[in-house]
Amino acid sequence: MEVLILLAVLFGALALIIPLIERSKMRISNEDASKWAKWIWPLMGILLIAQLLRLLFS
């Protein structure tokens, strides 16, 4: 039952947030997006290693 409540809350939040983001005037340029994108894979790798270490030493 708790899972259904959690899913309902997440769906409701998405239903509220997505229209607000679409209406906002904030836009990200291609240059800014590429600056952010180059950090995604290294950060994901660090996160993966941290999770593996946490799993091994807990």
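Numbers here are sequence positions counted from 1. All values reported here derive from a predicted model rather than from experimental measurement. Any value given below was found using the heavy atoms of this structure, including those in side chains, with hydrogens, waters and symmetry copies removed.
Here the shortest heavy-atom pairing between E22 and R27 reads O-NH2, 3.8 Å.
For the atom pair CD1 (I17) and CG (L10), the distance works out to 9.5 Å, reported to the nearest 0.5 Å. Here L16 contributes atom CG and I21 contributes atom CD1; the two are 10.0 Å apart, rounded to the nearest 0.5 Å. To the nearest 0.5 angstrom, I28 atom CD1 is 11.0 Å from S34 atom OG. Put simply, CG on L52 and CZ on F57 are 11.0 Å apart, with the number rounded to the nearest 0.5 Å. Taking CG from L53 and CD from Q51, the interatomic distance works out to 9.5 Å, rounded to the nearest 0.5 Å. Between the CG atom of L47 and the CZ atom of R54 there is a distance of 10.0 Å, given to the nearest 0.5 Å.
Residues that satisfy the side chain to side chain donor-acceptor pair (under 3.5 Å) test with S29, not counting sequence neighbours, are D32.
Cluster partners of I46 are absent, since no Ile, Leu, Val, Met, Phe, Trp or Tyr has side-chain heavy atoms less than 4.5 Å from it.
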